[in-house]
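Basis for what follows: all heavy atoms, side chains included, without hydrogens, waters or symmetry-related copies.
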Amino acid sequence: MTVALSSDGNHSAAMAQRHLPIGVFDSGVGGLTVLHALREALPQESFVYLGDTARLPYGTKSPESVVRYATQCAATLVARGIKALVIACNTAASAALPALQARYPLLPIVGVIEPGAEAALAVTRSMRIAVIATEGTVQAGAYRHAIARLNVNAQVTETACQVFVALAEEGWTQGLIVELIIRQYLDGLFSTAQAPDTLLLGCTHFPVLRSALRTVLPENVVIVDSAQTTALAVAKRLQSEGLLCDELNRHGSVHFLATDGAARFARVGSIFLGMPLETSEVDIIDV
Ligand code: DGL
């Protein structure tokens with residue numbers, strides 16, 4: 001096992017470590033919404049992003065399979081030399097965060113669940129929060145538990161919306177069909193007197209559906225996701241570990257890896273990243 005961290009206090013080793021990229025992974029292109037926020041918050045940092053597109057979706061797989069996939073993704077990134085790891089996938093974070101932390105005790109690892117829970121609690125007024133996520137994340141009760149750890153008074157409703165992942169991966173983010181599917185999943189959830197005032201997007205694929213969700217949801221419902229709060233958590237963690245890149249004028253790079261379909265990754269990924277992405281920028285690897 002290679003962990004790109006030094007514990008000997010050696011000055012040049014520590015400097016070299018600060019210049020290593022941050023590893024980020026997801027089952028597909030969804031985690032690019034988190035990468036986007038990370039790049040905005042930490043422009044001087046470099047990133048290596050891995051989308052496990054060959055095995056997407058994770059949300060319908062058993063927790064055992066997701067732990068195995070996440071472990072393989074993490075090992076691939078660690079072997080390339082990273083200073084921190086971001087699990088930009090709620091399904092993988094809910095199933096595999098403790099396993100990865102146990103495997104790489106020296107590596108700062110940040111998942112998206114705790115930051116997502118914090119984001120929702122920061123905006124809710126009624127303390128009633130609806131979470132939409134994959135089947136795996138909902139079955140694990142990941143957000144129910146994470147929110148309860150932060151505030152026992154919050155009431156959490158979790159709804160699995162697995163088809164949203166397929167819509168997002170297809171690049172179908174707007175229009176009648178998307179809105180009908182949203183209604184099919186969410187109708188009734190916001191129509192009672194005790195309805196939630198906050199919708200937490202508990203899947204990193206879902207932020208691209210935000211404007212379609214906005215069209216369907218009542219005006220008073222605030223939509224939040226974990227991208228910004230995750231970026232903030234990563235920045236804090238790097239700062240506290242002395243791992244922030246100190247060359248403030250540097251413009252960090254991104255290396256894109258996927259396990260299948262470079263052209264599709266680039267085409268759909270550009271929607272998630274909010275900037276053009278060329279097929280030639282995506283390397284296909286086996287994990
Ligand atoms: N983007 C992932 C998440 O945040 C998972 C989507 C999937 O592979 O099912 O949960």
inquiry  = Between R214 and E179, does any NZ, NE, NH1 or NH2 come within less than 4.0 Å of an OD or OE carboxylate oxygen?
reply    = no

request  = Would you mind checking if R210 and D225 are paired as a salt bridge, meaning a charged N to carboxylate O distance below 4.0 Å?
outcome  = yes

ask   = Stepwise, does the side-chain hydrogen bond (donor to acceptor under 3.5 Å, both in side chains) test hold for H19 with E247?
value = CA-CA 9 Å; H19 288 100; E247 276 179 55; 2.8 Å; yes

ask   = With a 3.5 Å cut-off and no angle check, do the side chains of S126 and D197 form a donor-acceptor pair?
value = yes

task = Give the intermediate values and the outcome of salt bridge (Lys or Arg N to Asp or Glu O under 4.0 Å) for residues E278 and R267.
result = CA-CA 8 Å; E278 300 297 328; R267 178 168 50 82; over 6 Å; no

note = Residues passing the side-chain contact (heavy atoms from CB on, under 4.5 Å) test with A74, sequence neighbours excluded, are L85, L100, Y104

inquiry  = Going by the rule side chain to side chain donor-acceptor pair (under 3.5 Å), which residues pair with T229 if we only count those two or more places apart in sequence or in a different chain?
reply    = none

message = If we check ring-ring contact (aromatic ring centres under 6.0 Å, His included) with H205, which of these qualifies: F272, Y58, F164?
response = F272

request  = Give every residue pair that meets the ring-ring contact (aromatic ring centres under 6.0 Å, His included) criterion with at least one member in residues 114-143, sequence neighbours excluded.
outcome  = none

message = With a 4.0 Å cut-off on N to O distance, would you call E114 and R149 a salt bridge?
response = yes

task = Tell me, with the steps shown, if L244 and R18 meet side-chain contact (heavy atoms from CB on, under 4.5 Å).
result = CA-CA 6 Å; L244 273 177; R18 280 201 287 270; 5.6 Å; no

query = So, do Y49 and F25 have ring centers that fall under 6.0 Å from each other?
reply = no

inquiry  = Please report the interatomic distance CG(L209) to CH2(W172), rounded to the nearest 0.5 Å.
reply    = 12.5 Å

key: Among L199, V224, L121, V123, the one residue meeting side chain to side chain contact (heavy atoms under 4.5 Å, CB included) with I129   = L121

Derivation and outcome, side-chain hydrogen bond (donor to acceptor under 3.5 Å, both in side chains), residues T60 and Q162 = CA-CA 8 Å; T60 52; Q162 191 63 43; 5.2 Å; no

ask   = When you check the gap from the basic side-chain N to the acidic O, do E64 and R68 get nearer than 4.0 Å?
value = no

key: Within 6.0 Å of CD1 in I177, more than 12 heavy atoms from elsewhere   = no

ask   = Would you find more than 12 non-hydrogen atoms of other residues, nucleotides or ligands less than 6.0 Å from D286 atom CG?
value = no

